[in-house]
Each structure stands twice: as structure tokens, then as C-alpha cells.
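Below: the structure, in C-alpha cells.
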Amino acid sequence: MKLKGTVNDPRMQRRYRAEKRFRLYAMSAVLLALAFLIVFFADIISQGYSAFYRTEVQATINYNDRVEMGDYRAAVSDEIRTVVSRGMLRNLPREVRDNPDLKGTSETSWMPVKGEIDQYRKGHVDSLDEELLASVQRLDEAGRLGFAPNWAFFTNGDSKLPELAGIGAAVVGSVYLLGITLIVAFPIGVMTAIYLEEFASDNWLTQTIEVNINNLAAVPSIIFGLLGLAVFINFFGVPRSSALAGGLTIGLMTLPIIIISTRAALRAVPDPVRMGAFAMGCTRWQVVRDHVLPVSLPGILTGTIIGLAQAMGETAPLILVGLIAYIQAPPTDITSAATVLPAQVFTWAGMPQTAFAEKASAGIIVLLTVLLSMNAAAVFMRRRLERRW
Amino acid sequence: MTIKGESGMYRGDAAEYAGNVALGNHQASDETVETNPAAEAAQASKLRVQDLSLWYGDTQALFDVNLDIPEREVTALIGPSGCGKSSFLRCINRMNDLVPNVTIRGDISLDAESIYDPSVDVVQLRSHVGMVFQKPNPFPKSVYENIAYAPRLHGLVSSRAELDDLVEKSLKRAGLWREVSDRLDAPGTALSGGQQQRLCIARAIAVDPDVILMDEPASALDPLATATIEELIDELKAHYTIVIVTHNLQQAARVSGYTAFFHMGYVIEYNDTTTLFTTPYEQKTEDYITGRYG
Ligand SMILES: Nc1ncnc2c1ncn2[C@@H]1O[C@H](COP(=O)(O)OP(=O)(O)OP(=O)(O)O)[C@@H](O)[C@H]1O
Ligand SMILES: [Mg+2]
């Protein structure tokens with residue numbers, strides 16, 4: 001046998017070289033993709049992280065008579081008034097009226113400053129009105145300006161004042177919307193898949209349905225938006241801009257994804273298991289309930305989570321059904337006006353102020369974090385549940 | 001339907017009975033020789049197959065099969081690949097109902113009751129006729145649940161203690177108890193192939209069926225596991241009527257009392273195993289068992 005000499009054989013060497021070359025190509029593709037990803041994340045994070053803290057000024061608020069009359073500007077000194085966010089003072093008159101004990105007292109606390117000052121101190125803009133700049137420098141030297149975590153970003157709704165704008169209302173809107181999407185798409189999708197996979201006989205009708213479900217999954221999402229507008233809002237009279245309208249629309253869009261992934265999960269259950277169950281005297285439904293579903297559940301749930309993650313990031317169809325509205329307070333129910341996280345990001349991205357660009361990036365960071373956790377949950381669940389058999 | 005509890009009334013001696021059946025079963029060549037066992041003997045058979053034909057779409061897979069399968073005996077079905085053994089077996093528990101486009105003519109009766117009668121409940125039938133498949137197919141559940149599932153399904157037990165007893169009894173009867181008693185919670189699929197197959201047998205006998213159908217139950221197993229299964233079959237025939245398909249002629253000779261030779265959808269010969277293997281009546285049978293073809 002000639003086992004050893006072949007290593008130097010030109011043909012063998014060509015094979016080895018081809019192999020090496022192919023591995024190199026594949027590896028560079030992976031590296032390139034990774035590089036894109038890293039650049040993308042680094043960019044978003046570097047632009048957005050500063051929205052998670054804000055500049056605050058130490059201000060003394062006097063709850064005097066003029067404030068009660070409605071002149072909230074009288075509550076702070078002239079200097080503070082030029083730097084503090086207008087939005088923080090506007091509520092003072094009502095506060096005094098609601099709480100007469102406050103009258104005549106004064107209180108010192110840290111309050112957010114105007115957006116442009118915040119941006120200047122973060123180094124995002126390099127010019128500031130001269131008078132304002134003087135005030136800022138004075139206060140800074142006196143130690144009355146400082147950075148603090150911006151929790152309000154997570155709790156506030158949208159605002160015309162960038163320093164007060166937050167994703168709170170949009171997050172609640174997204175949760176409502178996903179809830180409705182889940183309620184609409186999960187049962188219908190799973191039931192449809194079970195019927196098609198386990199009950200329906202293979203004829204032209206089911207084949208047509210199957211082809212069309214696959215087509216449906218490939219339909220651009222904006223078409224679903226048009227459909228939602230025409231059917232749910234114009235025909236059924238679902239309130240425009242509501243989480244219900246959005247949830248139904250997105251539910252329709254998620255349906256084919258859930259159907260397809262559920263069918264794949266059902267198909268992965270080996271047929272002999274079904275045959276064994278039938279031979280034990282199971283009805284078809286018992287076979288599905290007791291033997292097929294328990295095994296395919298991880299796959300079904302994974303597909304559902306991935307469908308929901310996609311629904312969570314969807315924007316275009318929601319703009320059509322009006323979920324892009326200016327929403328200051330979280331929706332109280334599924335029919336009141338709402339917006340969702342990606343739509344909020346979209347709105348901010350279109351604003352001229354740099355402060356809103358920062359908010360948009362921060363919104364994207366939150367969105368990506370949620371999406372990545374959802375996908376991680378899907379992977380975790382699959383591992384966890386699948387290992388049992 | 002409640003398939004009658006009273007067992008068949010077969011009283012005659014086995015050889016005489018089998019002789020009758022065998023004589024009546026050359027219709028593939030002798031055209032229309034009526035099955036002519038005495039009325040008494042007919043009653044004795046657990047399963048009576050009459051003029052059974054089966055089509056998959058337009059292709060006929062079984063031709064006028066007539067067989068009387070005796071109670072508490074092992075009946076082997078042998079024959080070359082594709083001759084319709086599995087198709088025939090699936091007729092006995094009506095698994096063919098699940099195959100689209102199947103047409104079945106003729107009849108099979110279990111304890112003199114037709115199983116193709118429109119009033120028959122297939123679920124009930126299958127609780128009387130268990131099946132063991134070629135490849136072990138335990139449910140993706142624990143060993144315990146594999147056995148407990150069907151008794152619970154058919155409402156055969158009323159308490160957890162009763163169920164525990166039944167699981168233990170079935171596993172013991174399948175010769176598996178010693179090996180798995182300490183891992184009843186382990187997944188059934190974690191057992192070895194031979195153990196899985198015995199688990200499937202235990203699962204089948206847990207509902208106390210009348211008949212157990214086995215389609216090449218040992219073909220996926222090594223010789224040792226095969227021997228275990230064969231011993232098990234030998235013990236089980238004291239309680240159950242067993243119909244087994246096998247490609248292993250020695251196995252058929254070892255475990256069965258009666259053997260039917262299938263060829264291209266016809267039953268060529270049916271006789272007691274010793275006779276069929278030593279002095280076959282038909283040339284085709286002889287060719288097959290001497291390995292000249294098939
Ligand atoms: N579901 C089916 N649809 C169509 N034809 C089938 C089907 N099952 C079996 N057949 C055909 O029926 C004939 C008998 O098949 P069957 O499986 O009963 O043979 P067998 O004797 O069990 O063979 P083997 O020993 O290989 O298992 C074969 O020609 C086969 O192709
Ligand atoms: Mg077969």
C-alpha cells in the first residue's frame with residue numbers, strides 16, 4: 001500500500017490548498033458579518049448611552065402667592081429659570097393648589113435642565129447662547145450642576161421638550177400590542193397548523209392553503225398595514241391609533257410565521273410515535289394532545305417568540321394604522337391612542353434637535369436589548385425543554 | 001362495540017384443527033376450495049379472516065386471504081418482501097384505516113364478531129388488539145408513563161395504587177421489571193433498543209388485549225436481545241393470541257405454532273409450523289423455506 005508518499009503528491013496538495021482556501025473564504029465571511037455587527041452596535045451605543053443620564057440643576061423652589069396665581073416663573077430665581085427645564089415649573093401652580101400646605105414654603109431639589117444645556121455639557125453641541133453659557137459656567141463652578149441617572153427616560157411619555165421625553169408610554173403601547181398579537185395569532189396559528197398537519201388530508205385544497213400561507217409570510221409588512229387600515233379601522237370601526245388596531249394588524253402578519261414554525265415543529269415528531277399511539281386506541285386528537293404536542297411544544301414556543309420579536313420591531317404597518325401619534329401618557333386601555341417603541345424611535349429620529357437623536361439611539365438600544373433577550377429566551381427554552389427526551 | 005369477553009370455544013386438538021385449516025387454504029392454486037373446517041373448529045379460532053382483499057389505490061396488495069388464527073397460540077406470517085404481510089397485519093387492528101385510498105373487501109372477525117362492521121368502534125378494537133412495531137417506538141415519556149398511558153386512556157384503573165400495580169405487572173410480564181424498576185422516571189427512549197422493544201410489548205399488554213400483533217419485532221435487535229424477545233413471546237402465548245411477521249425463518253420455526261406463507265398478496269400455504277417447514281405442501285413454499293428465492 002502506498003499511504004505515505006501521497007502527501008507530496010501534487011494532486012493531494014491541490015486538494016489541501018482548495019480546502020484551506022475554502023475555509024478562509026468562509027471564515028472571512030463570518031468575520032465580515034461580525035465586524036458589521038460590532039460597528040453597528042458600537043455606533044448605536046456610543047450615540048445613545050448618554051440618554052440614560054441627564055444634567056440636573058440644584059434649584060430652590062418657592063411656593064409663593066404668585067405661583068399659586070399661575071405665574072410659575074416666580075418660583076425660582078432668574079438664573080435658575082434660564083437653565084431649568086420649563087416642563088418642571090409648569091406643574092407648580094397646580095401642585096400648590098392641590099396641596100395648600102406647600103404655600104409659603106420653599107424646597108431645594110435637583111431638576112433637569114433644558115435640553116440644549118444638557119447636550120452642551122455632554123459635548124454633543126459646542127455652542128450655546130452666550131448669556132446661557134455664562135449662567136451654566138457660574139452654576140457649574142458653584143457645584144450646582146451635575147449628572148444623574150435619567151430614570152424619567154423609562155417612565156415618561158413623549159414630550160416636545162427633549163429633556164423630558166421618554167419611552168414609558170411607547171413601552172406600555174408595545175406591551176399592549178404584543179399582548180393582542182399573541183392572543184390573536186397564537187391560538188389561531190397553532191390550531192391551523194395542527195389541523196393542516198395532523199387532521200387534513202392531502203388534497204388540492206390543503207395544498208393551496210399551504211402555498212398561500214407561505215406566500216403570506218413573504219408579503220411585505222406594509223401591505224398588512226393597508227389591510228389593517230381597510231378592514232379593521234374602516235370596516236370594523238376599530239379606533240385608529242389604538243393598540244387594538246395595531247395588535248390585530250400585526251397579529252395577522254405574525255400568523256403565517258406561527259403557522260409555519262408550528263408545522264415544522266409538528267413534522268419533527270417521528271411518525272412511529274403517532275402510529276404507536278393510534279395502535280393503543282388513541283383518537284386523532286388524543287394522539288396530538290398527548291404525544292405530538294408535548295414533544296413539539298418547545299419548537300412551537302420558539303417560533304412564537306421569534307414571531308413576536310419580529311412583531312415587536314415592526315413599524316411600517318403600524319404607521320398606516322396610526323400608531324405613530326404623539327403620545328404623552330401611556331394608553332389606559334387597548335382602544336385609546338398609543339404608540340410603540342420602534343414608532344417612537346422613528347418619530348424622534350425625524351426631529352431636528354440633537355437631543356432627540358440621542359433619545360432615538362437610546363430607544364434603539366432598549367429595543368435591541370428586548371429583542372435579543374426574547375431570542376435568548378427562545379434559545380434557552382428550546383434547550384431546556386428539548387433535552388428531556 | 002364490546003368485543004365479547006367469552007373466549008373462543010376451540011376444543012379440538014391442535015394438529016387436527018390445523019390440518020383442517022391447511023387443507024382449506026390452498027385456494028391460491030386450487031381456486032375455490034371452501035374453507036371447510038368443521039363448524040366447531042371455526043368457532044374455535046380467535047381471528048377468522050374471510051376472503052380479505054386489499055387495494056392501495058388501484059394496486060391490489062392482498063388477494064382473497066382466508067385464515068383462521070387460533071387462540072393463545074403464536075401464528076407466524078412469512079414471505080418475501082412486499083408480499084403483503086404488514087398490510088395484512090394492519091387489517092387486523094384496522095391501522096389501514098389511517099392510510100389514504102385503501103379499499104378493503106372481505107371480513108375479519110374477532111371472537112366471531114366482525115371488526116369491519118360499521119358499528120365497530122376502532123378505539124375499542126385497538127384496545128383488544130395490541131401492536132408492536134418493527135422499530136421500537138416508545139412514547140417520548142417516562143418508562144412509567146409509557147405503560148400507564150393506555151390503561152388510563154381506556155379507564156382500566158381507578159386509583160394510583162392500582163396503576164402502579166399494573167405498571168409493575170406489565171413490566172414483569174415483559175421481562176423488563178428487573179432492569180428498569182429503579183428508573184421508571186427515565187425517558188423510555190433512554191433504554192437500549194431491546195429494552196425499548198420490551199417496553200413496547202409491556203405497553204401493549206398493559207391493556208390486557210386479546211391479540212398482539214408484532215411486525216418484525218426483533219429485526220432491529222441484536223441476537224441476544226432477539227433471544228430475549230423470543231423467550232418473551234413464548235411466555236406470552238399462554239395469555240394472548242399472537243400474530244407475528246418475521247423474515248427470520250428460524251425464528252418463525254422457534255416461536256410459532258402455526259405459519260402462513262404469503263406470496264404476492266396470496267396466502268400460499270397455512271399449516272402448523274412443523275409441517276410447513278418439514279413437508280410443505282406447495283412448491284413455492286418449499287422454494288422459499290429452502291432459500292431458493294424470496
Ligand atoms: N401505504 C401504502 N401505500 C401504497 N402501497 C403500499 C403501502 N404500504 C404497502 N404498499 C404496497 O403493498 C405491498 C405489500 O406491502 P407490505 O408492506 O404489506 O409488504 P411486507 O410483506 O410487509 O413487506 P416487508 O417484508 O418488506 O415488510 C407492497 O407492494 C407495497 O409497495
Ligand atoms: Mg412489512
[X] atom [atom1]: more than 12 heavy-atom contacts under 6.0 Å:
X: F380(A); atom1: CZ; result: no
X: R105(B); atom1: CZ; result: no
X: N215(A); atom1: CG; result: yes
X: R15(A); atom1: CZ; result: no

Exercise. Using a heavy-atom cutoff of under 4.5 Å, enumerate the residues of residues 269-288 of chain A that contact chain B, numbered in order, or state 'none'.
Key: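 P272(A), V273(A), M275(A), G276(A), A277(A), F278(A), A279(A), M280(A), G281(A), C282(A), T283(A), R284(A), Q286(A), listed by number.
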Original post:
Given that the side chain runs from C-beta out, which part of D290(A) has a heavy atom under 4.5 Å from chain B: side chain, backbone, both or neither?
Top reply: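 Both backbone and side chain of D290(A) come within 4.5 Å of chain B.
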For each of Q134(B), M131(B), K135(B), H154(B), tally heavy-atom pairs with chain A at distances under 4.5 Å, and name the one with the top tally.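 So the answer, after comparing Q134(B), M131(B), K135(B), H154(B), is H154(B).
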| query | Any donor and acceptor pair, going by atom type alone, linking the side chain of K141(B) with main-chain N or O of H291(A) inside 3.5 Å? | reply |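 The answer is no, because no donor-acceptor pair under 3.5 Å joins these two groups.
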- Item | Contacting moiety of R203(B), where chain A heavy atoms sit under 4.5 Å |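 Backbone plus side chain of R203(B), per the 4.5 Å heavy-atom cut-off to chain A.
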- Item | Which residues share a side chain to side chain donor-acceptor pair (under 3.5 Å) with T302(A), sequence neighbours left out |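 Scan of T302(A) (side chain to side chain donor-acceptor pair (under 3.5 Å), adjacent residues dropped) gives none.
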